[in-house]
K.L.:
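Structure in structure tokens, see below.
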Amino acid sequence: MPTLRIVTWNINSVRLRLPLLTDLVRDLAPDVICLQETKCPDELFPHEGVAGLGFPYRAVRGMKGYNGVAVLSRIPLAIREGDPDWCEKGDCRHLGVTLDVPGGLDLHNFYVPAGGDVPDRAANPKFAHKLDFLAEATAWNQARGPARRAVMLGDLNIAPLEHDVWSHRQMLGVVSHTPVEVEALASWQQAGAWHDALRHFVPPSEKLYTWWSYRAKDWAAANRGRRLDHIWVSQDLAGSLSGCDVLRAARGWAQASDHVPVMAEMKL
DNA sequence: ATGGTAGAAACTCTA
């Protein structure tokens with residue numbers, strides 16, 4: 001039974017942190033790596049460096065300065081055509097591919113808008129964009145029906161559960177954990193009947209973070225993290241899940257991203 | 001109520 005390891009990581013500049021991918025590959029041995037915030041136009045993507053790490057199949061969707069997603073794979077893949085241009089912005093926040101495994105496997109790599117600082121749709125256009133993006137994604141999944149043989153992952157910029165943040169009470173008014181965002185994410189998850197691969201293994205009573213702010217004096221001592229990065233699988237794959245990992249040590253690497261890699265393993 | 005840090009890019013935006 002072939003094992004498939006999939007990693008999602010908001011790398012926060014693929015060119016700056018290309019050397020850290022070596023450490024990620026060493027520590028997690030992924031078959032597929034999904035990146036967000038590559039901040040790199042496609043013509044400048046470091047293809048040779050990534051190929052040298054053992055990822056001959058790559059799909060990239062980047063732009064200058066902001067956003068950008070990429071899928072790096074040991075397994076052949078095809079870029080999905082016809083997926084939406086979210087909020088008609090052309091801003092490189094989604095890349096859908098089909099992996100060439102027996103039976104095929106759809107993989108959707110998302111970078112959901114962060115949403116700015118003020119959790120008010122009327123006062124803050126970035127928050128409105130985040131909610132609109134989530135509503136579009138929900139409608140998209142609703143129209144397609146429950147996902148089958150599919151993985152949905154990325155930096156979703158929402159920490160949905162009480163123990164996905166360091167203090168539920170103190171975070172209720174902070175963008176990423178407000179009730180309106182949490183409800184929107186739950187609607188999306190329900191629309192696709194997605195199964196949370198990390199919480200499949202880690203009980204909801206246990207704290208679990210994938211992001212720690214750059215602004216803390218000592219991120220590890222303060223440990224005021226949030227679980228913003230997610231891996232969801234379709235219900236038909238839930239029984240195939242065989243493990244997961246959050247590479248917390250990556251937050252302590254030299255020139256670290258503020259997000260750490262998150263891995264799910266399944267026996268296909 | 002505010003500022004703290006980081007990256008890309010280019011004198012400012014986004015997170």
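Reminder, nothing fancy here: chain letters follow the sequence lines and each chain counts from 1. Quick caveat: nothing in here was measured; it's all calculated off a predicted structure.
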K.L.:
Closest nucleotide of DNA chain B for A:Gln255 versus for A:Asn67: which of these residues is on the 5' side?
P.N.:
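The residue mapped nearer the 5' terminus is A:Gln255.
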
K.L.:
Can you list, in residue-number order, the parts of residues 125-137 of chain A that come under 4.0 Å of DNA chain B, counting heavy atoms only?
P.N.:
A:Lys126

K.L.:
Are A:Asp106 and A:Arg80 close enough for a salt bridge, meaning some N to O gap below 4.0 Å?
P.N.:
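Between A:Arg80 and A:Asp106 there is a salt bridge, with a charged N closer than 4.0 Å to a carboxylate O.
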
K.L.:
Between which nucleotides of DNA chain B, read 5' to 3', does contact with chain A run, using atoms under 4.0 Å from its heavy atoms?
P.N.:
B:dG4 to B:dA15

K.L.:
For nucleotides B:dA6 and B:dT2, find the distance between their P atoms and express it as a whole number of Å.
P.N.:
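The same atom, P, in both gives a distance of 23 Å.
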
K.L.:
Would you say A:Asp120 has more than 12 foreign heavy atoms packed within less than 6.0 Å of its CG?
P.N.:
yes

K.L.:
Please tell me which of A:Asn157 and A:Tyr214 maps to the more 5' nucleotide of DNA chain B, matching each residue to the nucleotide holding its nearest heavy atom.
P.N.:
A:Tyr214

K.L.:
Under 3.5 Å, is there a donor on one side chain and an acceptor on the other for A:Trp232 and A:His195?
P.N.:
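Side chains of A:Trp232 and A:His195: no pair found under 3.5 Å.
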
K.L.:
Does this structure show an ion pair linking A:Asp258 with A:Arg251, if we count only N-O contacts that are shorter than 4.0 Å?
P.N.:
no

K.L.:
In whole Å, measure the gap between the C1' atoms of B:dA1 and B:dT14 for me.
P.N.:
22 Å

K.L.:
Pick base, sugar-phosphate or nothing for A:Arg224, based on heavy-atom distances below 4.0 Å to the nucleic acid.
P.N.:
nothing

K.L.:
Taking atom P in both B:dG3 and B:dA9, compute the distance separating them and give it to the nearest angstrom.
P.N.:
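Per the computed distance, 27 Å lies between those P atoms.
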
K.L.:
Residues sharing A:Leu20's hydrophobic cluster, by side-chain heavy-atom contacts under 4.5 Å among ILVMFWY, directly or via others?
P.N.:
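Under the 4.5 Å side-chain rule, A:Leu20 groups with A:Val7, A:Trp9, A:Ile11, A:Val14, A:Leu18, A:Leu21, A:Leu24, A:Val25, A:Leu28, A:Ile33, A:Leu35, A:Phe45, A:Val50, A:Leu53, A:Phe55, A:Val60, A:Leu72, A:Leu247, A:Trp253, A:Met263.
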
K.L.:
Can you tell if the side chain of A:His94 reaches within under 4.5 Å of the side chain of A:Asn109, non-hydrogen atoms only?
P.N.:
no

K.L.:
Is there a donor in the side chain of A:Asn10 and an acceptor in the side chain of A:Glu37, or the other way round, less than 3.5 Å apart?
P.N.:
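Judged by distance alone, the side chains do pair up.
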
K.L.:
Just by distance, with hydrogens left out, do A:Lys130 and A:Asn157 show a side-chain donor and acceptor under 3.5 Å apart?
P.N.:
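Side chains of A:Lys130 and A:Asn157: no pair found under 3.5 Å.
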
